[in-house]
Participant: 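Questions regarding the structure given below will be posed in turn.
Quick caveat: nothing in here was measured; it's all calculated off a predicted structure. Only this structure's heavy atoms are used, side chains among them; waters, hydrogens and symmetry mates stay out. In what follows, residues are counted from 1 in the order of the sequence shown.
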Amino acid sequence: MNLLESLPKNAGVLICGHGSRAKIAEEEFSLLAKGLRDRYPDLNVEYGFLEYSSPNIHMALDKLLAQGVEKIYAVPGMLFAATHAQNDIPSVLITYQEKHPGLEIEYGQELGLHHEMIQAFQARILESMGLDHVHDGDLYDTMLVVVGRGTSVSEANAEAAKLTRIVCENLGFGWSETVYSGVTYPSVGRGLEMAIKLGYKKIVVAPYFLFGGKLIGRIHAYVDKVAAENPDITFMKANYLRDQIHVINTFVQRIEETIIEPEPAMGLMQSFKQRLAKGQVDVHHHHAEFQPEGRAHSHASANDTSHSHSHSHSHGHSHARYKHIAHPNGPRTMINENMCCCFMGQFPQHIIDEEKASKPELAGTPSCKR
């Protein structure tokens, strides 16, 4: 009997996600909780999101309380420790715990570059090529392009680049590059434009994402565009991770680590509490409350002056300002391409004007950025 099987009836597990306006992302994230329930049918397991999707984290915590749970082991269902895992989720958990005396909530680590996650990613890459294994030298004529989410946290971006190098060496690709779909650089489109100049005739594009949604669709659209412009190059698109067995294995181990050592000195919760005590962050109490779609609000953290806005979608936190937001190979290349209004709010107006003048706005652009 392992740790999860031996937990008392008053203990439960919470998987915390970011949330997405895309229904498929919400549905696929729920498969992670289902995978744990299938493996441990007696375990109290719930999942919740920071924003956009239901149930939110507050609602998931309510469900666990209703099941008689008094000890909750929460883990971030996120690949890297960026702002959401470092600040937003701990803020929700602390706020909720303060309102429920007697309830204990322990917070674990992000999925990170756990060896199981690397195996999951490699399996998706091999699937895209119709392979289940490779020999040394088989892929020397093939290039790997890994697509990371991209954040304003340089350490999280560096982890994506580290992953690229590990997988490139493990599988033996001829070359590899890392591009990003979020606020950092190089962007997917610009990165692919540069990648084809290296001369490889076979390129695997692999998004390191947990689930689908608009970002995956946008990544595929970039690949299709570059492929159409370069018919002599074969592009292969790897699937995202979803509930691949190695991903579920990683969640199990992250939960077990949280049980064994609830708040490690270098853990996310201890780090948040230390920064909170120093006044470097604050607790967003509204995070823990259910925000119906359409409720407008204004927000800013003590350490984030990026923007305060009011618009039609529920948005419980702000994206940290990225110092290279105007980088010529970064997110400015995505202006007019359905970019989140929160990112748009970070661009100097002259950058927006320059990009708008250089290319037409794509159909279907969300009204929240207009």
Participant: Pair Val205, Tyr222 - check side-chain contact (heavy atoms from CB on, under 4.5 Å), show working.
Facilitator: CA-CA 10 Å; Val205 181; Tyr222 280 125; over 6 Å; no

Participant: Report yes if the side chains of Leu93 and Leu14 come closer than 4.5 Å at any heavy-atom pair, otherwise no.
Facilitator: yes

Participant: If you compare all heavy atoms of Leu144 against all heavy atoms of Cys168, which two are closest, and at what distance to 0.1 Å?
Facilitator: CD2-N, 4.3 Å

Participant: Atom CG of Asp136 and atom CG of Leu171: how far apart are they, to the nearest 0.5 Å?
Facilitator: 10.5 Å

Participant: Would a distance-only check, ignoring hydrogens and angles, find a side-chain to backbone donor-acceptor pair under 3.5 Å from Thr184 to Thr151?
Facilitator: no

Participant: Using only heavy-atom distances, determine whether the side chains of Glu127 and Asn239 contain a donor-acceptor pair under 3.5 Å.
Facilitator: no

Participant: Going by the salt bridge (charged side-chain N to carboxylate O under 4.0 Å, His left out) test, which pairs reach into residues 241-251, not counting sequence neighbours?
Facilitator: Glu28-Arg242

Participant: Can you confirm whether Val179 sits close enough to Val145 that some side-chain heavy atom of one is under 4.5 Å from a side-chain heavy atom of the other?
Facilitator: yes

Participant: Could you state the interatomic distance from OH (Tyr96) to CG (Leu65), rounded to the nearest 0.5 Å?
Facilitator: 4.0 Å

Participant: Check Asn44 against Lys9 and note the closest heavy-atom contact, atom names and distance.
Facilitator: ND2-O, 3.0 Å

Participant: Side chain of Gln253, backbone of Thr250: donor and acceptor closer than 3.5 Å?
Facilitator: no

Participant: Same hydrophobic cluster for Ile15 and Leu31, using side-chain heavy-atom links shorter than 4.5 Å among ILVMFWY?
Facilitator: no

Participant: Is there a path of hydrophobic side-chain contacts, each under 4.5 Å between heavy atoms of I/L/V/M/F/W/Y residues, joining Trp175 to Tyr140?
Facilitator: no

Participant: Using the salt bridge (charged side-chain N to carboxylate O under 4.0 Å, His left out) rule, collect all pairs that involve residues 182-207, keeping only residues at least two apart or in two chains.
Facilitator: Asp141-Lys202, Arg190-Glu193, Lys201-Asp232

Participant: Taking the side chain as C-beta and beyond, is there a heavy-atom pair between Val223 and Ile203 under 4.5 Å?
Facilitator: no

Participant: Do any N or O atoms from the side chain of Tyr200 and from the backbone of Gly174 form a donor-acceptor pair under 3.5 angstrom?
Facilitator: yes

Participant: Kindly indicate, with the supporting measurements, whether the criterion side-chain contact (heavy atoms from CB on, under 4.5 Å) is fulfilled by Val167 and Val146.
Facilitator: CA-CA 9 Å; Val167 173; Val146 172; 5.7 Å; no

Participant: Kindly indicate whether the side chain of Phe251, heavy atoms from C-beta on, has any atom under 4.5 Å from the side chain of Val13.
Facilitator: no

Participant: State which residues pass salt bridge (charged side-chain N to carboxylate O under 4.0 Å, His left out) with Lys23; sequence neighbours excluded, sorted by chain then number.
Facilitator: Glu26

Participant: Please identify each residue that fulfils side chain to side chain donor-acceptor pair (under 3.5 Å) with Glu70, with sequence neighbours left out.
Facilitator: Asn10

Participant: For Gln67, which residues count as a side chain to side chain donor-acceptor pair (under 3.5 Å) partner, sequence neighbours excluded?
Facilitator: Glu46

Participant: Which residues pass the ring pair (Phe, Tyr, Trp, His ring centres under 6.0 Å) test with Phe29, not counting sequence neighbours?
Facilitator: Phe49, Phe211

Participant: Any chance you could measure Leu215, atom CG, to Arg149, atom CZ, to the nearest 0.5 Å?
Facilitator: 5.0 Å

Participant: Quick one: closest heavy-atom pair of Ala120 and Val247, and the distance?
Facilitator: CB-CG2, 3.9 Å

Participant: To the nearest 0.5 Å, how far apart are CE in Met129 and CG in Leu139?
Facilitator: 4.5 Å

Participant: Tell me every residue that passes ring pair (Phe, Tyr, Trp, His ring centres under 6.0 Å) with Phe121, counting only those two or more places apart in sequence or in another chain.
Facilitator: Tyr208

Participant: List in chain and number order the residues that pass salt bridge (charged side-chain N to carboxylate O under 4.0 Å, His left out) with Lys34, two or more places apart in sequence or in another chain; answer none if no residue qualifies.
Facilitator: Asp38

Participant: Taking side chain as C-beta onward, heavy atoms only, is Tyr180 less than 4.5 Å from Ser187?
Facilitator: no

Participant: Please say yes or no: joined through hydrophobic side-chain contacts below 4.5 Å, possibly via intermediate residues, are Met143 and Met194 part of one cluster?
Facilitator: no

Participant: What is the minimum heavy-atom distance between Pro207 and Ala238, and which atoms define it?
Facilitator: CD-O, 3.3 Å

Participant: If you define the side chain from C-beta out and look only at heavy atoms, does anything of Glu106 sit under 4.5 Å from Lys71?
Facilitator: yes

Participant: Closer than 3.5 angstrom, by distance alone: can the side chain of Arg37 be matched with the main-chain N or O of Leu43 as a donor-acceptor pair?
Facilitator: no

Participant: Counting only heavy atoms not in Ile245, do more than 12 sit closer than 6.0 Å to its CD1 atom?
Facilitator: no

Participant: Side-chain contact, heavy-atom cut-off 4.5 Å: Leu79 with Leu241?
Facilitator: yes

Participant: Could you measure the distance from the CG atom of Leu198 to the OG atom of Ser176? Nearest 0.5 Å is fine.
Facilitator: 10.5 Å

Participant: Within the structure provided, determine whether Gln109 and His114 are in side-chain contact (heavy-atom separation under 4.5 Å).
Facilitator: no

Participant: Once rounded to the nearest 0.5 Å, what's the spacing between atom NZ of Lys225 and atom CG of Asn230?
Facilitator: 9.5 Å

Participant: Evaluate the side-chain contact (heavy atoms from CB on, under 4.5 Å) criterion for residues Ser20 and Lys214: first the C-alpha distance (whole Å), next the side-chain angles of each, then the deciding distance (0.1 Å), finally the verdict.
Facilitator: CA-CA 9 Å; Ser20 170; Lys214 293 183 178 179; over 6 Å; no

Participant: Would you name the heavy atoms of Gly212 and Ile216 that are closest together and state the gap between them?
Facilitator: CA-CG1, 3.8 Å

Participant: Do Tyr240 and Arg124 pass the side-chain contact (heavy atoms from CB on, under 4.5 Å) test, and can you show the C-alpha distance, the side-chain angles, and the key distance before you say yes or no?
Facilitator: CA-CA 7 Å; Tyr240 47 91; Arg124 292 298 192 214; over 6 Å; no

Participant: Hey, could you give me each pair passing salt bridge (charged side-chain N to carboxylate O under 4.0 Å, His left out) that has a residue in residues 54-63? Not counting sequence neighbours.
Facilitator: none

Participant: Of all the heavy-atom pairs spanning Tyr107 and Pro90, show the shortest one and how long it is.
Facilitator: CE2-CG, 3.5 Å

Participant: Who are the salt bridge (charged side-chain N to carboxylate O under 4.0 Å, His left out) partners of Glu256, not counting sequence neighbours?
Facilitator: none

Participant: Identify, with sequence neighbours excluded, every residue that meets ring pair (Phe, Tyr, Trp, His ring centres under 6.0 Å) alongside His350.
Facilitator: none

Participant: Applying ring pair (Phe, Tyr, Trp, His ring centres under 6.0 Å), name anything that partners His327, two or more places apart in sequence or on another chain.
Facilitator: Tyr185

